[in-house]
2 protein chains.
Amino acid sequence: MSLNQVDRQILALLQKDASLSTAEIADKVGLSQSPCWRRIARLEQEGYITNKVAILDAKLLGFDMLVYAHVRLSSHGRDQLAQFEKLIMSYDEVTECYSMAGTMDFMLRIISKGIEGYELFVRDKLLCLEYVQEVHSNVTMTCVKRSTALPL
Amino acid sequence: MSLNQVDRQILALLQKDASLSTAEIADKVGLSQSPCWRRIARLEQEGYITNKVAILDAKLLGFDMLVYAHVRLSSHGRDQLAQFEKLIMSYDEVTECYSMAGTMDFMLRIISKGIEGYELFVRDKLLCLEYVQEVHSNVTMTCVKRSTALPL
DNA sequence: AGTGAAACACACACCGT
DNA sequence: ACGGTGTGTGTTTCACT
């Protein structure tokens with residue numbers, strides 16, 4: 001159920017580099033392979049580790065535009081809330097979406113190729129929805145830091 | 001140098017699930033193991049795949065607070081810009097940081113345990129810096145979507 | 001819970017096409 | 001460039017402490 005220090009160490013290692021072998025992790029946390037493997041399997045099974053992914057180089061692949069957009073829905077749009085969220089999930093350009101505290105707003109992280117790509121997205125996939133009242137775009141310039149790791 | 005359709009397919013698969021074996025990927029893209037393995041190795045070597053990470057369940061680990069903070073630096077703070085960025089990179093609570101177009105602002109993605117954890121962070125690690133002029137917190141409520149995948 | 005060994009699958013290299 | 005085959009290395013299980 002709960003986690004001890006070794007479990008946290010394992011998680012900390014894996015969230016930085018999932019290509020580490022069980023033997024390497026076992027070595028770093030001071031365990032032998034078998035018990036280390038069992039712990040990792042347990043951490044996966046209990047849901048602490050949700051999945052493993054490859055991180056790609058966005059710039060190298062031509063995605064030079066990263067925008068955080070605030071989307072305000074009209075008040076009667078609450079009815080279509082579920083539909084809006086479902087739609088958002090189907091948009092690959094939207095890599096993240098959160099509803100914000102205190103407002104009827106959503107914040108979207110949108111990745112695209114150039115301003116043209118971003119404008120196309122906003123026009124064809126956001127503004128075309130009747131219940132979208134306002135879209136405010138926060139364009140990022142340089143990425144100082146980007147990590148998927150939690151502060152364990 | 002450039003990528004064909006098969007390469008993109010491989011990248012698309014790996015950015016969703018990096019635990020796929022070469023054989024499984026080869027099967028899905030219609031190649032046999034050897035050429036598929038060579039392509040993946042090339043994609044890593046050329047930097048398209050930067051690394052592989054395990055994604056952990058933030059809520060399960062007690063990180064129930066996710067805030068996007070806009071930080072405004074005072075104009076003479078430009079001198080300490082490099083120092084600020086270095087400091088930000090050392091803070092584990094800051095998982096992302098971007099400088100924003102058009103302003104002297106930075107946007108920080110901060111993950112913490114409860115409002116208490118967040119307040120502690122802002123007080124002890126942001127407001128204590130003389131050149132930090134203003135911190136505006138956008139608190140997220142529910143996560144509609146979160147993905148690390150690019151829209152290939 | 002940790003250790004050791006054994007079965008198995010996979011990653012990686014070397015061939016031929 | 002793709003495909004087949006082999007060998008070492010990592011993963012996964014099992015029997016034991």
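Here is how names work: the chains are called A, B, and so on, in the same order as the sequence lines, proteins then strands, and each is numbered from 1. Only heavy atoms go into these numbers, but all of them, side chains included; no hydrogens, no water, no symmetry mates.
In this model, no side-chain donor or acceptor of B:Ser21 finds a partner on the base of C:dA11 within 3.5 Å.
Computed from coordinates, the A:Gln33 CD to C:dA1 C1' distance equals 17 Å when rounded to whole Å. When the P atom of C:dA11 is taken as reference, atom CG of B:Asp27 falls 13 Å away, rounded to whole Å. Atom CG of B:Leu14 is separated from atom C1' of C:dA11 by 14 Å (rounded to the nearest Å). Taking atom CG of residue A:Leu3 and atom C1' of nucleotide C:dA1, one finds them 17 Å apart after rounding to whole Å. If you take CG of B:Asn4 and C1' of D:dA1, they are 11 Å apart, rounded to a whole angstrom. For the pair B:Ile40 CD1 and C:dA13 C1', the computed distance is 16 Å after rounding to whole Å.
Toward the 5' end of DNA chain D, the nearer of the two residues B:Cys36 and A:Leu20, judged by each one's closest nucleotide, is B:Cys36.
For B:Leu120, the CG atom sits in a packed shell: over 12 heavy atoms of surrounding residues, nucleotides or ligands are nearer than 6.0 Å.
No salt bridge links A:Arg109 with A:Glu93; every basic N to acidic carboxylate O contact stays at or beyond 4.0 Å. Here A:Glu96 does not pair with B:Lys145 in a salt bridge; the nearest charged N to carboxylate O distance is not below 4.0 Å. Salt bridge B:Arg39/B:Asp7: present, at least one basic N to carboxylate O contact under 4.0 Å.
For the OP1/OP2 pair of D:dC2 and a distance below 4.0 Å, the side-chain nitrogens and oxygens of B:Ser32 include no atom meeting the criterion. The shortest distance between the side-chain N/O atoms of B:Arg39 and the OP1/OP2 oxygens of D:dC2 is below 4.0 Å. Listed pair A:Trp37 / D:dT12 meets the phosphate criterion, a side-chain N or O lying under 4.0 Å from OP1 or OP2.
Comparing C:dT3, D:dT5, D:dC2 against the side chain of B:Ser34 picks out D:dT5 as the nearest. The side chain of B:Arg38 lies closest to D:dG3, out of C:dT3, D:dG3, C:dA11.
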